[in-house]
Structures are given as C-alpha cells and as structure tokens.
Amino acid sequence: MHKKLFIPGPSEVRPEMLQVMATPQIGHRSKDYKDLHGAVVPKLKKMLYTEQEVFLFTSSSTAVMEAALRNLCGKKVLSCANGAFADRWYKMTTSNNIPSKKLDVPWGKPITPDLIEPELKTGDYDCITIVMNETSVGVRSPIEELAEVIKKYPDVMFCIDAVSCMAGDKIETDKLGVDIVLAGMQKCFALPTGLTVAMLSNRALEKATTIPYRGYYLDFLLAKKSSDKSQTPSTPAIPQIFALNAQMTHILNEEGLENRWARHIHLAEIVQKWALGAGFTLFPEKGYESRTLTCINNNKGIPIAALNKELGKRGAVISNGYGDLKEKTFRIAHMGDVTEPEIRELLGWIDEILPTL
Ligand SMILES: *Cc1c(COP(=O)(O)O)cnc(C)c1O
C-alpha cells in the first residue's frame, strides 16, 4: 500500500501530475520544447512576483545552493546557520574554498535583522545565505524584515534557500531585492524530484560576469544564454518540466496564488493547534513557526517509529526529527497540495494511535 507522504519532502504527488510525466518525450532542441519552456517560465515569474530571470536546472536543490556560491560570491559569505540545511550551505563555502563566516544561531531560532546588521556593517561580505524555511527545525525566518536590512548593502548578494517553502509561501522577490532564490520540485511544488528552479536578479547576473571560475554545469551565464532562447545548456528533465507546466497552471489558475498561500497558513495553524491540544509543545521560537511543516517537541516521549508504524497501516507517514533531534522532535509536513480533510484525517489517526503506544 502506498503511504501518503506527510514528510518534509518528497511530498505527495497528485496522480494527475504523475500522468503528465508520462507524456512522450520531445527533443530538447525542438520547437515543442521551446514552447514548453517558454510557457512555464512566465508562470514561475508570476508566482515569484518577478520581472527578472527564472532558470530551470536539472539537479536537486543542493546543487543550485552550491552554484549560487560559485557564481555569485567572490569575497566573503555570511552563512546564517540556524539548522541543518543552512549548515550545509556553510559547509559548501569551505569545500569550495570560498571565504565565509558562520553566524551560528541556536536551532529553533530564526535569523533576525539584529543578528546580521552588525556583520554586514563591517563591509567584509559580498554575499549572505539564508534558509527562509529551515526544514530541519520548522523555522521560518522573517525574510521581509531581513530584506529591509540587506537592501542597505547593495554590494551584498542576497541568497535565499526557499526549498521547502517556494510555491507554499509568498516570496515577493523583486520587492524584497532578492538576488537568488531557489527550490526543487519535491517539496511545495508537490512534484517528483529532479528539477530545481531559481529566480536570478539582473544584478546577480552582472556579478557573475566578475567571477572567473563559475564551474560549467551550473554556470549562471550559460543558463542565461540558453534561457534567452527558451532552452537549457544541456538536456533537461523534460518529464518534470511537463509536470511543472501543468502544476503551475493549477497553482495560478485553478487554486490561485493567494488561496495557496492562505491554505498553507491555515494548515499550519491546524497542526500547531492540534499539537498544543495533544499536550506537545512546538520546537520553533514562538512567532517563527514554518507555514509548510510543523516541528513538534516530543515532550511526551512517544516512540515515533512505533507511531509511524501504526500510521503506515492506515496509509500515511510523518517524519521524525532531523539529526540530533531524531527522537526529540517529530515533523508533520503540510506542504504542496495537501488538503484540510487530509490533514484532519492524519491528526485523527494520530489521536487514535497515541493512547495505544
Ligand atoms: C530539502 C531541502 C534541501 C535539499 O534539497 P535536495 O533537493 O535534496 O538537494 C535544501 N534546503 C532545504 C531547506 C530543504 O528543505
């Protein structure tokens, strides 16, 4: 039996989208492909509130996180680290020999303007990396407030990992002054993994021209050259792009952006309220809870594996905590196309199982 995914990626994919992926292949240099690419990019721009560039990369998100560093950072990176994925971005600076400073923030806390402003004031940095929605801890950093500070430093590239919130949470990229924001398909887009989309600012592309060794596969300037022709430099994940095109039509025209943002907020409130009502507490600092997944303290010491085993019999799966938080927290994702009845059914099952554990 298939278990419905309430884990923070991959998320559940609607059968219609799986069907779209079975569309017969087309040549990636054909007019059909250009039409497809040319159809999907404007839809993504609309969702990201941008008139700048949106590129498609055939890779998981991690590759584009690394590419952001390699294409945009020449001096020093301020790595804002409040969770496992932010840590990953920091580790990439060292493995690429890019100077960086790790701004260590306790897990569960957001990145806030007061933490970054003193650093940016030093003038040492040309790049800041922030994970908007830290999936390991369920924390949403106040990206709108951070943008106000970062705007004062126009030489600093504003890089956002929105892997677990893009297409679930509103990101007004042009208004915020974002230089790159990236996300893969398998979280809030609710599609199979294999493709990553990134919005790039014009400023970012200018900056890339000053960086001599950007790598090849994910060179943003090569991506731009191809994108201008509605193509990609090498063969893209065409099935994912078919599905993305269909999903974007669904997001924009069937559900509507505002409804999609509101649904995610509403589902988050339902799960948070349920957790508190069931005697748990929330891991994130109050006011900074993610809108796409809820990270719950296992303060009642329930055996999470046993809970999941029981859930599995009913056809669902949730996630334990990340890394050191494995048994200390558990996470329920409400991202992508999850509906209120589905979340309520899941919570009902957990209520049923908890007294038996
Ligand atoms: C899932 C996730 C990633 C990694 O994505 P991959 O597609 O596995 O490379 C990076 N950052 C965040 C915040 C994530 O949730």
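Scope of the values below: all heavy atoms of this structure, side chains included, with no hydrogens, waters or symmetry mates. Counting starts at 1 for both ligands and their atoms, following the listed order.
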Provide, to 0.1 Å, the distance between [atom] and the closest protein heavy atom, together with that atom's residue and name.
atom	answer
atom 6 (P) of ligand 1	Ser60 OG, 3.4 Å
atom 10 (C) of ligand 1	Phe85 CD2, 3.3 Å
atom 7 (O) of ligand 1	Gln186 NE2, 2.8 Å
atom 15 (O) of ligand 1	Thr135 OG1, 2.5 Å
atom 1 (C) of ligand 1	Lys187 NZ, 1.4 Å

In terms of ring plane angle, is the pair Phe220 and Phe57 parallel, tilted or perpendicular, where the classes change at 30° and 60°?
-> tilted
Where does the angle between the aromatic ring planes of Trp261 and Tyr49 fall among parallel (under 30°), tilted (30 to 60°) and perpendicular (over 60°)?
-> tilted
At a 4.0 Å cut-off, with the gap strictly under it, does some heavy atom of [X] reach an atom of ligand 1?
X	value
Ser164	yes
Met132	no
Thr196	no

Any salt bridge between [X] and [Y], counting N to O under 4.0 Å?
X	Y	value
Glu310	Lys313	yes
Asp161	Arg88	no
Lys175	Glu144	no

Side chain, backbone, both or neither: Thr62 near ligand 1, heavy atoms under 4.0 Å = both
Hey, are the side chains of Tyr288 and Arg140 touching, using non-hydrogen atoms and a 4.5 Å cut-off?
-> no
For residues Pro192 and Met21, determine if any side-chain heavy atom of one lies less than 4.5 Å from a side-chain heavy atom of the other.
-> yes
Under 4.0 Å to a heavy atom of Val131 - the qualifying atoms of ligand 1, by number = 13 (C)
Check ligand 1 against Asn133 and write out every atom of the ligand that is under 4.0 Å from a heavy-atom position of the residue.
-> 13 (C)
His264 (side chain) donor-acceptor with Arg260 (main chain) under 3.5 angstrom = yes
[X] N/O to ligand 1 N/O under 3.5 Å:
X	answer
Thr193	no
Arg88	no
Asp161	yes

Run the ring pair (Phe, Tyr, Trp, His ring centres under 6.0 Å) check on Tyr153 and Tyr125 step by step: do they pass?
-> CA-CA 9 Å; Tyr153 304 91; Tyr125 303 98; 9.9 Å; no
